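Atoms within a ligand are numbered from 1 in the order they appear, just like the ligands themselves. A quick note: this is a predicted structure, and the numbers were derived from the prediction, not measured.
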Amino acid sequence: MDSNEEYEVKDLTLAEQGRKNIELAELHMGALFEIKKRFEIEKPLEGIRIGMALHVTKETANLIRTLIAGGAEVAITGCNPLSTQDDVAAALADENVKVWAYKGESTEDYYRYLNNVINFKPHITIDDGCDLVTEIHLKHQDLIPEIIAGCEETTTGIIRLHAMEKDNALKYPIIAVNDNKTKHLLDNYYGTGQSTLDGIIRSSNILFSGKTVVVVGYGSCGKGVSLRAKGLGSNVVVTEVNNFRALQAKMDGFRVMPMEEAAKKGDIFITVTGNKHVLREEHFRSMKDGVLLANSGHFDIEIDAKKLEEISSEKRNIRPFLDEFIVDGKKIFLAGEGRLINLAAAEGHPSEVMSTSFCGQVLACEYAVKNKELNRKSVVQLPEEIDDEIARLQLRALNVKIDSLTDEQIKYLNSWQEGT
Ligand code: ADE
């Protein structure tokens with residue numbers, strides 16, 4: 001480990017590789033790059049300290065460079081023990097960003113690093129999973145008066161935040177960046193769709209064609225995973241607890257059934273629910289020999305991996321990010337220890353989708369600085385116009401042009417008298 005007061009990373013000599021990867025990502029993050037150029041001139045974040053717990057990836061490095069271009073000071077730690085790209089962390093340390101992260105972090109280091117970010121006394125927090133907000137609310141309430149706002153990146157974090165809001169526990173405003181259309185309808189759908197399969201394939205090299213793939217949860221992530229698995233020739237089965245989503249899955253052409261049934265049919269199981277123990281002992285015991293389980297939800301609680309280990313007669317590691325368990329004489333393979341497979345075994349979402357997600361983060365920071373009167377007890381959304389501006393910027397970066405409304409059409413859309 002290489003460390004001083006400002007950073008702790010695996011190996012500083014990886015910095016050159018990290019810089020190349022960050023540059024490669026930047027090429028595909030056109031909208032974010034546009035905002036970076038504006039920030040360099042306008043400096044909307046001058047004097048603002050931003051503390052982040054995000055996956056330390058080449059895309060996140062471009063987010064950090066944009067915030068710094070806007071005048072902010074940044075400190076970052078990872079938000080998952082297996083998701084840090086060590087070359088990127090080294091490059092950030094080399095650029096004098098405060099960074100504490102390495103791939104394969106112990107729980108102790110995870111929380112020590114989270115506290116390093118908190119000790120940086122951020123004015124704005126950016127979370128992916130709500131761990132910073134939770135830690136601050138539980139143990140560092142003295143910092144709260146100086147905190148302008150927080151930004152949350154993922155559905156799991158939003159679920160926790162709404163629980164805080166309901167309990168009247170939330171003490172500074174949170175911008176639900178996840179809820180931007182340019183985030184959850186793009187990143188969760190196209191990003192998770194591709195990167196989840198990428199992670200499973202890298203960990204096991206399994207063939208999807210002809211396999212029965214059980215997708216657990218049919219939110220934006222589940223929809224993306226189902227579509228991509230179908231595209232690779234899999235027979236997709238969806239399990240859900242929500243009537244409307246189950247109906248959507250059915251109408252999208254997938255088989256829908258309870259897990260009790262699906263457990264017996266699946267070859268590959270992918271959890272994307274944000275909920276706990278959606279695959280558990282009763283399911284493990286009824287699975288076929290040789291099945292593969294993977295999770296792409298934020299936390300490692302969707303598959304009850306502890307129980308899997310407890311009930312197995314043998315466990316062995318087959319290769320990086322692939323363990324084999326023997327349960328009732330049958331093999332069950334678990335990818336990435338049940339941690340989010342797209343970042344554990346692959347590189348997370350491709351840069352193109354992270355571009356619009358992270359435009360949401362930087363514009364949320366700017367919005368928070370300009371709108372200090374946000375309700376401190378609630379989770380708020382960015383105005384629709386900001387979401388639209390992100391889509392416009394990314395279309396422009398992709399050199400895609402669209403039509404605009406004629407005056408006659410604008411008038412028609414604003415009137416009610418015209419009918420049949
Ligand atoms: N979440 C999913 N993919 C990611 C990526 N590439 N960078 C940061 N956060 C992510």
Side-chain angles (χ1 to χ4, degrees), residues 18 20-33 50 52-67 74 76-89 91-92 97 99 101 103 105 125-132 151-158 176-180 182-200 202 219-222 224-225 228 270-272 274 294-300 336 339-362 364 394:
K20 287 183 196 160
N21 278 329
I22 296 167
E23 264 176 48
L24 182 65
E26 187 190 74
L27 275 182
H28 299 289
M29 302 180 84
L32 187 67
F33 190 64
I50 301 180
M52 304 166 61
L54 282 188
H55 303 296
V56 181
T57 66
K58 56 193 184 304
E59 290 76 24
T60 303
N62 280 297
L63 163 65
I64 292 172
R65 287 179 174 184
T66 307
L67 295 169
V74 176
I76 180 167
T77 182
C79 61
N80 186 287
L82 285 186
S83 64
T84 295
Q85 295 169 0
D86 288 318
D87 59 334
V88 171
L92 288 172
V97 174
V99 51
K103 192 172 179 89
E105 270 165 34
T125 59
I126 303 184
D127 257 311
D128 187 329
C130 192
D131 278 347
L132 259 184
C151 305
E152 175 53 56
E153 171 75 7
T154 199
T155 314
T156 299
I158 299 291
V177 173
N178 176 73
D179 295 353
N180 288 352
T182 51
K183 199 284 178 181
H184 75 280
L185 295 181
L186 300 181
D187 157 326
N188 298 23
Y189 186 65
Y190 303 105
T192 309
Q194 176 168 321
S195 63
T196 300
L197 269 53
D198 184 14
I200 295 173
R202 290 197 206 192
S220 300
C221 293
V225 170
R228 296 303 172 218
I270 305 172
T271 58
V272 267
N295 165 52
S296 211
H298 184 79
F299 288 118
D300 61 340
R339 295 195 183 276
L340 76 192
I341 192 63
N342 59 344
L343 280 140
E347 292 172 67
H349 303 341
S351 313
E352 289 84 343
V353 287
M354 294 317 295
S355 175
T356 52
S357 302
F358 284 165
C359 284
Q361 290 292 0
V362 295
Q394 187 70 7

* Record the part of L343 in heavy-atom contact with ligand 1 below 4.0 Å; permitted values are side chain, backbone, both and neither. => side chain

* T60 heavy atoms, cut-off 4.0 Å: which ligand 1 atoms fall inside? -> 7 (N), 8 (C)

* Structure fact -> Here the atoms of ligand 1 under 4.0 Å from any heavy atom belonging to F358 are 8 (C)

* Which ligand 1 atoms, with their elements, are less than 4.0 angstrom from a heavy-atom of E347? -> 6 (N)

* Asked: Heavy atom of E153 under 4.0 Å from ligand 1?
  -> no

* Option of least heavy-atom distance to atom 1 (N) of ligand 1 (set: Q85, K58, E59, H55) -> H55

* Nearest heavy-atom neighbours spanning T196 and S296 -> OG1-OG, 2.7 Å

* Asked: Checking D198 side chain against E347 main chain: does a donor-acceptor pair fall under 3.5 Å?
  -> no

* Considering heavy atoms of the protein only, find what lies nearest to atom 3 (N) of ligand 1 and give residue, atom and distance to 0.1 Å. => H349 N, 2.8 Å

* To do: Return a yes/no value for T57: is any of its N or O atoms, backbone included, closer than 3.5 angstrom to an N or O of ligand 1?
  => yes

* side-chain contact (heavy atoms from CB on, under 4.5 Å) partner of C221, chosen from N342, T155, N188, I270 -> N188

* **Basic-acidic side-chain contact under 4.0 Å: D179, K183** => no

* Heavy atoms of other groups near Y190 OH, more than 12 under 6.0 Å -> no

* Assess whether side chain to side chain donor-acceptor pair (under 3.5 Å) is satisfied between D187 and S357, documenting all intermediate values. => CA-CA 7 Å; D187 157 326; S357 302; 2.7 Å; yes

